[in-house]
Amino acid sequence: MIRGNILNVFTEEVYPAEIQVENGLIKCVKKIKGDFEGVIVPGLIDAHIHIESSMLTPSFFAKAVVPHGTTAVVADPHEISNVMGIDGINFMLKDAEKIPMHIFFSAPSCVPATPFETSGATIGSDEIDLLMEKEKIVALGEMMNYNGVINNDSQVMSKISSAKSHKKPVDGHAPLLSGAELCKYVGVGISTDHECVSLEEALEKNQMGMKIMVREGSSAKNLKDLINAGGEFLVSDDKHPEDLLKGHMDHIIKKAIKLGMNPIKAIKMATINPAEHYSLNMGAISPGRNADFIIVDNLETFNVNKVFINGKLVAEGDNALFDADSIYVENSIVLDKMLSSDFSINALGNSVLVRVMDVLNGQLITSESEAVLQINCGQIDANVKEDVLKISVVERYGKGEHLKKENDKMSRGNISHGFVRGFGFNEGAFASSVAHDSHNIIVVGTDNDYMARAVNILIKNQGGLVVVSRNEETSLKLPVAGLMAAENAQKLSLKLKEIHLLAKKMGCALESPFMAMSFLSLLVIPQLKISDQGLFDVSKFQFVDIIKKFMD
């Protein structure tokens with residue numbers, strides 16, 4: 001039995017009440033008289049997040065966010081699904097059983113995201129139908145393939161039909177989609193969108209009946225622009241470990257209130273609204289629902305003091321009152337040791353005009369430029385003085401078209417090459433197994449030797465992030481699918497800080513170089529990107545050659 005001032009999200013009242021709990025559910029809520037400090041609020045729900053982006057396994061993610069009042073999330077396991085398929089989803093489901101927080105999932109709708117890259121797995125409509133049978137799968141995940149919807153792609157439409165037949169909503173992902181194409185997209189039953197970046201875009205989608213997820217994550221921050229969009233949900237989408245230490249849904253609610261949103265409206269966007277949309281038995285302090293609630297100091301400052309899940313105290317202050325211990329996952333990087341020659345870009349002549357990917361600081365998009373580069377001993381060299389570095393993507397799954405190397409009995413998967421501008425360091429290499437969406441290994445470096453050295457450390461670590469320079473190297477191990485680690489957020493944050501410090505010491509001009517690098521292989525965001533199969537022009541939606549012209 002718990003007594004205090006409660007927030008009733010139905011009537012938007014705050015009044016003293018007694019909450020009776022039985023078998024993890026709220027049995028009865030009775031109004032009482034009394035003078036109590038603080039306010040009891042329903043547990044907070046993040047309606048759209050990719051847990052993998054936190055680099056934490058579900059159980060360690062829970063340990064980080066529960067003290068901030070998060071009692072449930074709807075997670076899209078899109079990242080691990082591209083690596084491990086159904087096995088990856090089963091890992092997430094099983095690991096989530098180890099902690100008290102409620103972790104629900106959407107079934108990933110786009111695995112792989114495009115046919116122009118090699119992913120670790122494919123999830124078709126038959127697999128979606130099986131996933132929809134699972135109790136913890138509450139929706140079809142964000143439908144990024146809006147072209148497939150508009151053109152009535154049979155696989156896409158079958159996945160949507162499966163969700164409908166199981167009476168589960170379909171989440172959307174349609175940046176800048178408008179007019180007749182948006183009508184077609186909404187008309188098939190897609191109910192939400194978290195990609196709005198302007199008030200005008202959000203209002204058009206809202207007018208068509210879409211529920212707007214107002215996103216405020218680590219990379220994409222749209223809350224300020226959408227504060228008056230009439231959104232239904234507050235979501236994070238992606239949260240990095242260092243940001244989770246500062247807060248999760250509580251942090252987003254605080255920011256919304258500071259920007260002028262009514263506190264009760266903000267709270268409803270992270271409680272009753274997502275609960276009703278995804279048919280979750282929570283989100284309000286009312287009989288029959290899960291006894292998930294938090295105690296905050298008041299509705300304006302919204303500092304979380306205590307967290308209850310299923311009627312049990314699970315966090316107090318900054319401390320989670322439960323342990324996390326993730327299960328083992330088989331290594332997903334199937335690669336032999338790389339050679340310096342694997343990163344050679346061969347050409348004849350003395351110089352060439354090449355395409356260059358231009359990275360924009362703080363942006364997911366790139367632009368395209370060109371550079372004249374020298375050829376030495378039949379290889380195109382980077383031009384470090386002009387900040388034109390080499391970039392390669394190495395297929396990690398052993399599934400691509402394997403190439404035999406001369407005098408080498410080992411075989412390799414696809415390896416593609418290009419040039420990139422914007423990183424700014426003058427000696428060394430960065431490598432990562434976090435490379436959206438197929439998560440092949442991506443590496444940027446000043447020469448072949450550094451690139452091979454960085455990738456080989458990554459292979460040895462079974463995934464993660466690596467920085468190498470002439471005299472130093474540091475790495476963050478992410479052995480769970482090359483995306484996550486069974487560590488707490490504090491340890492991961494310290495290691496990330498160490499990696500970023502070395503990158504800065506090397507002269508890197510980017511604020512978040514690994515975040516920027518991870519999106520250089522995402523073939524659905526303009527302009528020039530790269531997969532393990534080659535350099536890709538997103539506007540033309542086709543591969544293009546590295547070399548534009550031989551100069552002599």
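For the numbers below, each heavy atom of this structure counts, side chains included, while hydrogens, waters and symmetry mates do not.
Of the N and O atoms on the side chains of H194 and E142, at least one donor lies less than 3.5 Å from an acceptor on the other residue. A donor atom on one side chain and an acceptor atom on the other are found under 3.5 Å apart for H48 and D237. In this model, a donor atom of one side chain and an acceptor atom of the other lie less than 3.5 Å apart for D243 and S218. Side-chain atoms of T118 and E395 form no donor-acceptor pair, as typed in the model, at a separation below 3.5 Å. In summary, the side chains of S469 and E472 do not present any donor paired with an acceptor at a separation below 3.5 Å, with no hydrogens or angles considered. Under 3.5 Å, the side chains of N82 and H78 contain a donor-acceptor pair of N or O atoms. Residues D292 and T71 bring no donor and acceptor atom of their side chains to less than 3.5 Å of each other.
A side chain to side chain donor-acceptor pair (under 3.5 Å) check over residues 519-531, counting only residues at least two apart or in different chains, returns the pairs Q527-D537, Q527-S539.
In this structure the side chain of D171 never reaches within 4.5 angstrom of the side chain of D76, judged on heavy atoms. The shortest side-chain heavy-atom distance between N440 and Y397 falls under the 4.5 Å cut-off. Side-chain contact between L476 and L492 is present, with at least one heavy-atom pair separated by less than 4.5 Å. Two residues are said to be in side-chain contact when any heavy atoms from C-beta on lie closer than 4.5 Å; L131 and F105 fail this criterion. Two residues are said to be in side-chain contact when any heavy atoms from C-beta on lie closer than 4.5 Å; L234 and L223 meet this criterion. Side-chain contact check for M101 versus I309: some heavy-atom pair is nearer than 4.5 Å. In this structure the side chain of V466 never reaches within 4.5 angstrom of the side chain of E473, judged on heavy atoms. Annotation: side chain of E79 is in contact with side chain of D437 (closest heavy-atom distance under 4.5 Å).
Atom NZ of K254 has more than 12 heavy atoms from other residues, nucleotides or ligands within 6.0 Å. In this structure, K491 places its NZ atom where only 12 or fewer heavy-atom neighbours from other residues, nucleotides or ligands lie under 6.0 Å away.
Taking the charged nitrogens against the carboxylate oxygens, K94 and E97 have no contact shorter than 4.0 Å, which rules out a salt bridge. Ionic pairing of R215 and E195 is present here: one or more N-O contacts between side-chain nitrogen and carboxylate oxygen are shorter than 4.0 angstrom.
For the pair L140 and A163, the tightest heavy-atom approach, listed with the atom from each and the gap, is CB-CB, 3.9 Å. In plain terms, the two heavy atoms of Y450 and V468 that are nearest each other are O-CG2, 3.8 Å. When all heavy atoms of A64 and A489 are compared, the closest pair comes out as CB-CB, 4.1 Å. Here the shortest heavy-atom pairing between A516 and V359 reads CB-CG1, 4.1 Å.
Partner I51 forms a side chain to side chain contact (heavy atoms under 4.5 Å, CB included) with one of I103, L483, L56 and no other, that one being I103. Considering F430, F425, F423 in turn, F423 is the only one that fulfils the side chain to side chain contact (heavy atoms under 4.5 Å, CB included) rule with L510.
Here E127 contributes atom CD and S81 contributes atom OG; the two are 11.0 Å apart, rounded to the nearest 0.5 Å. Note: I86 CD1 to I128 CD1 = 7.0 Å, rounded to the nearest 0.5 Å. Note that the OG atom of S433 and the NE2 atom of H439 stand 9.0 Å from one another [nearest 0.5 Å]. A distance of 7.0 Å separates CD in E216 from NE2 in H251, rounded to the nearest 0.5 Å. The distance from atom CD1 of I391 to atom CZ of F343, rounded to the nearest 0.5 Å, is 11.5 Å. The CE atom of M282 sits 13.0 Å away from the CD atom of E276 when rounded to the nearest 0.5 Å.
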Inset, instruction - Applying salt bridge (charged side-chain N to carboxylate O under 4.0 Å, His left out), run through E487 and K495 and close with a yes or a no. - result: CA-CA 11 Å; E487 298 277 1; K495 200 64 182 179; over 6 Å; no

Legend entry - side-chain contact (heavy atoms from CB on, under 4.5 Å) evaluation trace for I89 with I123: CA-CA 11 Å; I89 298 172; I123 295 180; 4.0 Å; yes

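A donor-acceptor pair is defined here as one N or O able to donate and one able to accept, closer than 3.5 Å; no such pair exists between the side chain of K239 and the backbone of L244.
Relative orientation of the H102 and F104 rings is parallel, given thresholds of 30° and 60° on the angle between their planes. In this pair, F536 and F116 present their aromatic rings tilted. The plane angle is within the 30 to 60° band.
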